[in-house]
Amino acid sequence: MRYLSFVFILLLPLLTAPDGADARQKGIRQIIQEGGASDSFWSVVVMDRDGGILEAVEPDRLVRPASIQKLLVTAAYLQELGSDYTFETTLCGVGGQEDTVWRGDLIVRGGGDPSINDDFYSDPLFLFEKWAAALADEGIERIEGDLIADDSRFDDQPWPRGWEWDDLSFYYAVELSALSFNKNVVNLDVFADGPPGSRPEIRWFPFNTDYIDFINEQLITGPETAYDESYRRLPGTNTILLRSTLPQGYVEEEPLSIHNPSLYFVDTFLRYLDQRGITVEGELKVNPPEVSYRESPCRFIDRHESVPVSEMIRQVNTESDNFYAEMLAKELAVEAYGTPGTTENGLKAIEGYLQTVGVDTSRVYMRDASGMAPANLIRASDVNRVLVEMARSDKFEIYLASLAEAGRSGTLEHRFGGSPIRGHFYGKTGYLSGVRSLAGYLQARTGREIVVTIFTNNYTMRTSAMDRLHERILEYLYAVY
């Protein structure tokens, strides 16, 4: 990945554009006017490498940021946790071994790791394979006790406050737990291979597990019809209603959220052990009320250490991954305030970081870390303030590497394809219903390095048209600076 050499030396107050900027400021306003979007709420801030404002449109207006919020929280994670910070997930046993039998319980202690999936490993079942091998190396073929999940590192609140009810069945709004596997989703594949009027075939990962109960009411329609998606998990259950209509020959892949991630983890582990010839005779339990499993000496079996935070924030920003953003917030809460980690304490710690870089947090309203909650509010001027401060940080290269590259990677891969901006902008996108945002670092045609934040709220045009307006603004800045 190519890096821009941003070295910012002074952060000036973000208030209004300086004298002599009026003509250029009209350039952005004219693009908005000509684009037919002047009735939307706009907030735009453009700064130079020294932190001085080049252009601004309502820089201090409070707006909904959507996923641009991730730029703030990942800056906090890097500064407060450190780029080398890792998570540990541990397997241990209470009891003792007699011949090939473990007489006692196995305990999985969750460390808050969001990366036990295939983002960084070729097989999402990699940890279960490692642990099955560890048990086999000890000669253990049978566990007489229970398989226990200890997820007490985080609280038991499954979601941040304010998420939309309709989102909770999908991969971008999963339940959170200190013990998580496969991003707390089941991967559903649907094959519309039959004749119109019939049900499509379904398969799912892992193991076509009956931890999930799919009610398949989907329908195959004619080959010229459109796909109409309909998935809904019944609240507080693992029953998922499938009511999509799919044109004949269509194949759909959909990751869907599960209920009770910690139980899902140990249930999947149990199934994996069974496939490897290791049986568990006891029950699956999550934080059982008896305290002996925490107080008794626990014989170490294996420990998994995650990839570092420097890799995780790339997943947060480049791919706009809500799950990583929220899990890291709870872990930050553990480090700042102790267990259990809560979203509220994580946000409190993030606001503490924002204060250190000069953000007036009385004008920041954060309900989550990912930007999913519509109640989040922030100013474009404060986003730019954080971007400039990060450009002055010794962690800037890591931070910049976490961003999507225009026309080449992540959420920007399919934008700016035929634009001069391609390869010259590293940033983050944001989207909610009625919200489109874009922020990051732009290298202009002259080589000048600038920081840009663009927020649009309450728009009614098609999102693709709004994307084009944002691209026109960046192209204008690229050309004139």
Side-chain angles (χ1 to χ4, degrees), residues 3-18 21 24-25 28 43-63 65 67-80 83 313 316-317 350-364 366 371 378-406 412 421 424-430 437-444 446-455 470 473-474 477-478 480-481:
Y3 299 110
L4 306 181
S5 57
F6 283 85
V7 182
F8 288 80
I9 60 173
L10 180 64
L11 181 63
L12 299 179
L14 304 178
L15 297 174
T16 59
R24 283 176 171 168
Q25 184 167 330
I28 291 180
S43 184
V44 184
V45 178
V46 184
M47 297 176 62
D48 65 19
R49 61 180 293 165
D50 297 324
I53 293 206
L54 301 174
E55 305 197 24
V57 176
E58 301 292 344
D60 293 326
R61 168 180 275 167
L62 280 172
V63 292
S67 284
I68 294 301
Q69 185 140 305
K70 294 182 175 78
L71 291 176
L72 309 183
V73 303
T74 51
Y77 299 152
L78 271 180
Q79 298 293 5
E80 302 302 312
S83 58
I313 67 161
V316 176
N317 285 333
I350 291 164
E351 289 184 2
Y353 161 73
L354 295 178
Q355 290 172 356
T356 67
V357 299
V359 173
D360 178 5
T361 54
S362 69
R363 302 294 304 279
V364 175
M366 300 179 72
I378 197 166
R379 302 181 294 182
S381 57
D382 286 329
V383 174
N384 260 35
R385 188 182 296 271
V386 171
L387 290 174
V388 168
E389 281 295 321
M390 284 306 297
R392 301 170 62 186
S393 165
D394 60 358
K395 297 180 177 64
F396 179 59
E397 185 173 306
I398 296 170
Y399 187 65
L400 188 67
S402 77
L403 305 180
E405 183 179 3
L412 290 174
I421 301 303
H424 293 281
F425 178 72
Y426 295 85
K428 180 81 193 68
T429 61
S437 46
L438 188 65
Y441 303 97
L442 173 68
Q443 186 175 58
T446 61
R448 190 177 189 181
E449 298 147 352
I450 58 181
V451 179
V452 184
T453 297
I454 305 171
F455 285 134
H470 287 187
I473 291 172
L474 284 192
L477 296 172
Y478 174 83
V480 302
Y481 290 104

Are any non-hydrogen side-chain atoms of Arg379 and Asp360 less than 4.5 angstrom apart?
yes
Quick one: OG1 on Thr361 to CD1 on Ile350, what's the gap to the nearest 0.5 Å?
12.5 Å
Calculate, to the nearest 0.5 Å, the distance between atoms CE and CD belonging to Met366 and Glu351 respectively.
6.5 Å
Using every non-hydrogen atom in the two residues, find where Leu412 and Ala404 come nearest and quote the distance to one decimal.
CD1-O, 3.6 Å
Please tell me if the side chains of Leu442 and Ile421 come closer than 4.5 Å, counting only heavy atoms from C-beta onward.
yes
Students often mix this up, so state it plainly: with edges at 30° and 60°, are the rings of Tyr478 and His424 parallel, tilted or perpendicular?
tilted
In this structure, NZ of Lys395 is separated from OH of Tyr77 (nearest 0.5 Å) by 16.0 Å
Side chains of Lys428 and Ser67: does their closest heavy-atom pair fall under 4.5 Å?
yes
Non-hydrogen side-chain atoms of Gln79 and Thr356 separated by less than 4.5 Å
no
In short, Arg61 meets Ser43 closest at the heavy-atom pair O-OG, 4.2 Å
Minimum-distance pair of heavy atoms, taken over all atoms of Val357 and Arg385
O-CD, 3.3 Å
Taking the side chain as everything from C-beta on, heavy atoms only, tell me whether Ile378 gets closer than 4.5 Å to Phe455.
yes
Counting distance only, does the side-chain N/O of Ser437 pair as donor-acceptor with the main-chain N or O of Pro65 below 3.5 Å?
yes
Pairwise side-chain contact, Tyr399 with Leu71, heavy-atom cut-off 4.5 Å (strictly under):
yes
Decide side chain to side chain contact (heavy atoms under 4.5 Å, CB included) for Leu387 and Met47; before the verdict, give the C-alpha distance in whole Å, the side-chain angles of both, and the deciding distance to 0.1 Å.
CA-CA 10 Å; Leu387 290 174; Met47 297 176 62; over 6 Å; no
Working note: Leu54 + Arg448, criterion side chain to side chain contact (heavy atoms under 4.5 Å, CB included); need CA distance, chi angles, decisive distance, verdict.
CA-CA 12 Å; Leu54 301 174; Arg448 190 177 189 181; 3.6 Å; yes
Value for OG1 (Thr74) from CG (Leu72), rounded to nearest 0.5 Å, stands at 7.5 Å
Worked verdict on Ile398 versus Ile313 for side chain to side chain contact (heavy atoms under 4.5 Å, CB included):
CA-CA 9 Å; Ile398 296 170; Ile313 67 161; 4.3 Å; yes
So do Ile28 and Val46 actually touch side chain to side chain, heavy atoms under 4.5 Å?
yes
Which of Tyr426, Phe425, Phe396 passes ring-ring contact (aromatic ring centres under 6.0 Å, His included) with Tyr441? It is Phe396
Do Glu58 and Val44 have side-chain heavy atoms sitting under 4.5 Å apart?
no
Please find the pair of heavy atoms, one from Pro59 and one from Val45, that lie closest to each other, and give the distance.
CB-CG2, 3.4 Å
Could you state the interatomic distance from CG (Leu438) to OG1 (Thr453), rounded to the nearest 0.5 Å?
8.5 Å
Roughly how far apart are Leu354 CG and Asp382 CG, rounded to 0.5 Å?
8.0 Å
